[in-house]
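Data block below; observations after.
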Amino acid sequence: MARNGGQLVVECLTALGARRAFGVPGESYLAVLDAMHDSRGRLDFVNCRQEGGAAFMAAAHGKLTGQPGICMVTRGPGATNASIGVHTAMQDSAPMLLLVGQIATDMRGREAFQEVDYRAVFGTMAKWAVEIDDVARVPEILSRAWTVATTGRPGPVVIALPEDMLMAETETAPLDGPVPVFPPEPAPGAVVEALEMLERAERPLILMGGAPWDREASAALQRFAEGSGIPVATSFRYQDQFDNRSPVFCGDAGVGMSAATKALLREADVILALGIRFGENMTDGYTLLDVPDPVQKIVHVHASDREIGKVYRPALGIHASPERFALALTEQVSGGWTAWREAAREAYLGFIDKAPAQPGPVDMVAVCAHLRERLEDRELVLTNGAGNFTVWSSRFFRFQPGMRLLAPQSGAMGYGLPAAVAAKLERPEAVVLCFAGDGDIQMTMQELASARQAGAAVIVIVVNNGSYGTIRAHQEREFPARVSATDLQNPDFAALAQACGLHGEVVSETAQFAEAFERALAAPNGALLELTVDTEALTPYRTLTQIRAGS
């Protein structure tokens with residue numbers, strides 16, 4: 001049966017397993033949009049307000065589900081707006097496909113209207129960037145893109161779709177499904193050697209990264225760690241992948257990690273690293289382990305051979321799926337490290353339990369304590385963008401099975417709200433709670449309208465301290481009392497939410513929060529709670545004044 005390129009793209013995406021695409025419509029891919037008219041209910045279009053928000057949604061979908069999030073944008077400005085989501089998906093190791101309408105093939109190289117060389121622009125940002133010039137190759141390239149995005153170290157693929165190719169007709173049949181790819185199994189001898197190294201250790205540590213881990217594999221790792229008494233830490237913003245209630249869980253290694261967590265990595269003698277890419281944030285600027293040969297003996301297990309030895313030379317590299325490796329840990333090890341593990345656990349618990357009351361009208365320590373109690377044992381997805389406020393969503397919750405954290409390893413502001421929309425569409429029965437700073441939310445605040453239109457009833461908590469808080473903290477440390485460009489004169493966030501059809505409310509005192517949150521939970525179209533927070537409360541343990549004084 002003859003079909004045009006746009007129809008073939010949609011039929012192939014549907015066969016591969018895509019169920020929704022996030023995007024902003026554009027004239028450069030009208031044939032795809034027209035084909036989606038007949039695919040409603042199979043491949044739906046989530047109408048976003050800016051391509052950056054759409055790309056964040058696709059990146060978050062990939063991180064949440066392990067299947068590529070689909071983003072569709074127009075050429076030139078649309079694609080460059082979406083580049084922030086591509087970068088975020090790459091640093092998060094999240095599968096994603098960015099489909100970009102492109103100029104006609106006969107105009108290429110003339111600097112035509114909105115022309116961009118996508119291979120050049122995205123070549124270092126994505127796992128693969130490709131342009132489909134021949135309509136007959138649509139199934140071939142989309143199949144390859146899906147496989148590239150989901151195997152090895154997952155990541156984003158950018159696919160340019162020229163207008164004339166999308167309008168051309170072909171007899172080529174669409175795909176009938178994705179390529180089944182079994183993850184690499186660990187060699188039995190490698191598992192034995194890894195266990196022997198752990199058993200000989202005096203201060204062993206398990207580092208866990210990547211998402212989403214299969215529940216069975218995560219449970220297997222937890223059984224091994226608990227049975228062996230080995231402390232577990234996760235990489236930056238992946239603490240949702242291990243049950244935080246476990247006596248072996250000792251926190252996450254990332255931006256603003258505690259002194260105790262730094263000591264855990266620095267003093268370990270054997271580290272079993274599962275799915276870890278050893279980025280700057282989890283190594284405190286590559287200072288906790290020596291480059292390239294760390295004092296710590298590393299057993300590095302990763303599904304991508306390119307990650308093993310990329311920064312640190314491991315004592316043992318194992319090219320295998322971290323999940324399959326965890327399932328192979330059927331024998332436990334033992335040693336004299338009980339005090340080591342107990343001290344690490346106590347330090348992790350103390351970070352939350354010993355946090356002092358915060359200065360100002362709304363105490364975020366009390367707010368988070370209420371949320372932990374209210375949302376315990378609920379299906380919950382927490383999201384956030386970037387800023388000092390993220391400590392409340394990332395470190396003041398104790399994640400357990402059924403809870404997820406969607407937060408960007410790239411430190412991209414504005415990610416939280418689009419991520420919440422994607423999560424709510426994927427998990428409509430879950431409570432989806434976005435933490436945002438007042439600067440952070442204004443990067444993608446227009447996606448409140450997208451949430452309302454898509455029927456994604458998310459709850460947004462805006463931590464409003466009238467400042468770009470992270471930069472202010474650095475500013476006060478480096479140039480005390482010389483405030484420059486970090487103060488914010490903010491809009492009425494609650495009123496803006498109301499204008500988009502959500503419940504909007506200002507919480508100006510701690511005592512008001514509990515009832516306000518109940519109203520937010522009950523709001524059928526979602527809600528935004530604006531919390532008035534003092535600029536002094538920049539971090540849980542150090543006020544702005546203390547940072548300025550260097551204390």
Side-chain angles (χ1 to χ4, degrees), residues 205-208 222 225-226 229-265 267 282 337-378 380 382 384 387-405 407 431 433 435 461 463 469 473 507 509-511 513-514 517 531 533-534 536-544 546-547 551:
L205 174 65
I206 296 173
L207 283 177
M208 180 187 190
Q222 184 172 339
E226 290 177 352
I230 299 176
V232 176
T234 64
S235 61
F236 183 42
R237 290 178 168 166
Y238 283 107
Q239 56 267 46
D240 60 323
Q241 297 301 292
F242 195 90
D243 191 343
N244 295 185
R245 301 168 301 178
S246 169
V248 299
F249 181 74
C250 299
D252 71 297
V255 172
M257 76 178 95
S258 66
T261 303
K262 292 180 184 180
L264 194 63
L265 271 72
E267 296 170 9
M282 73 162 297
W337 49 69
T338 300
W340 156 260
R341 189 261 305 163
E342 289 178 346
R345 176 66 177 175
E346 184 178 351
Y348 160 71
L349 294 174
F351 184 87
I352 298 175
D353 297 337
K354 297 177 183 177
Q358 301 295 287
V362 175
D363 180 355
M364 289 301 297
V365 170
V367 165
C368 288
H370 175 78
L371 289 172
R372 285 198 304 273
E373 181 179 351
R374 181 66 179 85
L375 299 175
E376 188 176 17
D377 298 322
R378 294 284 298 269
L380 172 68
L382 285 174
N384 62 253
N388 270 24
F389 71 90
T390 62
V391 70
W392 305 116
S393 49
S394 63
R395 292 212 168 91
F396 276 75
F397 278 79
R398 291 179 183 148
F399 293 90
Q400 59 196 63
M403 295 182 178
R404 289 297 309 275
L405 173 66
V431 175
L433 180 58
F435 274 73
I461 292 178
V463 183
V507 177
E509 296 178 8
T510 305
F513 179 76
F517 188 68
L531 277 54
V533 177
D534 199 305
E536 277 288 313
L538 280 183
T539 75
Y541 292 98
R542 298 179 73 203
T543 65
L544 183 152
Q546 290 171 328
I547 294 171
S551 59

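When a residue number appears, it is its place in the shown sequence, counting from 1. Small disclaimer: the values here were computed from a predicted structure and weren't measured.
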Problem - Nearest-0.5 Å distance, CG of residue Asp363 to CD of residue Gln358 - result: 5.5 Å

Exercise for the section: State, yes or no, whether a side-chain contact exists between Thr539 and Val391 at a heavy-atom distance under 4.5 Å. Expected result: no

Completion exercise
CG of Leu205 to SG of Cys250, rounded to nearest 0.5 Å, is 8.0 Å

Practice task
Carefully, step by step, assess Phe435 and Leu382 under the rule side-chain contact (heavy atoms from CB on, under 4.5 Å).
Solution key: CA-CA 7 Å; Phe435 274 73; Leu382 285 174; 4.1 Å; yes

Handout entry: Validation row: Met208, Tyr238 side chains within 4.5 angstrom (heavy atoms)
Key = no

Practice task
Would you check if the distance from the ring center of Phe351 to the ring center of Phe396 is below 6.0 Å?
Solution key: yes

Exercise for the section: State, to 0.1 Å, how close Thr390 and Gly387 come at their nearest heavy-atom pair, and which atoms those are. Expected result: OG1-O, 2.8 Å

Practice task
Could you grab the distance from atom CZ of Phe517 to atom CD1 of Ile461, nearest 0.5 Å is fine?
Solution key: 6.0 Å

Practice task
List in chain and number order the residues that pass side-chain hydrogen bond (donor to acceptor under 3.5 Å, both in side chains) with Ser235, two or more places apart in sequence or in another chain; answer none if no residue qualifies.
Solution key: none

Handout entry: Flag side-chain contact, heavy atom, 4.5 Å: Pro247 against Glu226
Key = yes

Problem - side-chain contact (heavy atoms from CB on, under 4.5 Å) evaluation trace for Ile352 with Phe397 - result: CA-CA 8 Å; Ile352 298 175; Phe397 278 79; over 6 Å; no

Problem - Leu375 vs Leu433 side-chain heavy atoms within contact, under 4.5 Å - result: yes

Exercise for the section: Measure centre to centre between the rings of Tyr348 and Phe249, then say whether the value is under 6.0 Å. Expected result: yes

Practice task
Write down the atom of Pro231, the atom of Trp340, and the distance for their closest heavy-atom approach.
Solution key: CG-NE1, 3.3 Å

Problem - Gln239 backbone acceptor or donor facing Asn244 side chain under 3.5 Å - result: yes

Problem - Minimum heavy-atom distance between Thr261 and Ala253, given as atom pair plus value - result: CG2-CA, 4.1 Å

Handout entry: Side-chain heavy-atom pair Pro401, Arg245 within 4.5 angstrom cut-off
Key = yes

Completion exercise
When every non-hydrogen atom of Asn388 is compared with those of Gly469, the smallest separation belongs to ND2-O, 4.1 Å

Practice task
Please round to the nearest 0.5 Å and tell me the distance separating atom CH2 of Trp392 and atom CG of Leu531.
Solution key: 11.0 Å

Fill in the blank from the handout: Closest non-hydrogen contact found for Leu264 with Ala344 is CD1-CB, 3.7 Å

Completion exercise
Taken to the nearest 0.5 Å, the spacing of Arg542 CZ from Ile547 CD1 works out to 5.0 Å

Practice task
Check step by step if side-chain contact (heavy atoms from CB on, under 4.5 Å) holds for Arg341 and Val248.
Solution key: CA-CA 7 Å; Arg341 189 261 305 163; Val248 299; 4.1 Å; yes

Practice task
Examine distances only and state if a side-chain atom of Thr510 and a backbone atom of Pro361 form a donor-acceptor pair shorter than 3.5 Å.
Solution key: yes

Problem - Reference residue Gln400; test side chain to side chain donor-acceptor pair (under 3.5 Å); the match among Asp377, Asp243, Asp240 - result: Asp377

Problem - Exam field: side chain Asp534 to backbone Pro359, donor-acceptor pair closer than 3.5 Å - result: no

Handout entry: Interatomic distance, Ile230 atom CD1 to Ile206 atom CD1 [nearest 0.5 angstrom]
Key = 4.5 Å

Exercise for the section: Given side-chain contact (heavy atoms from CB on, under 4.5 Å), test Met364 with Phe389 step by step and report yes or no. Expected result: CA-CA 9 Å; Met364 289 301 297; Phe389 71 90; over 6 Å; no

Problem - Pairing of Asp353 and Arg398 as salt bridge, 4.0 angstrom limit - result: yes

Handout entry: The single option from Arg237, Met257, Arg395 passing side chain to side chain contact (heavy atoms under 4.5 Å, CB included) against Asp252
Key = Arg395

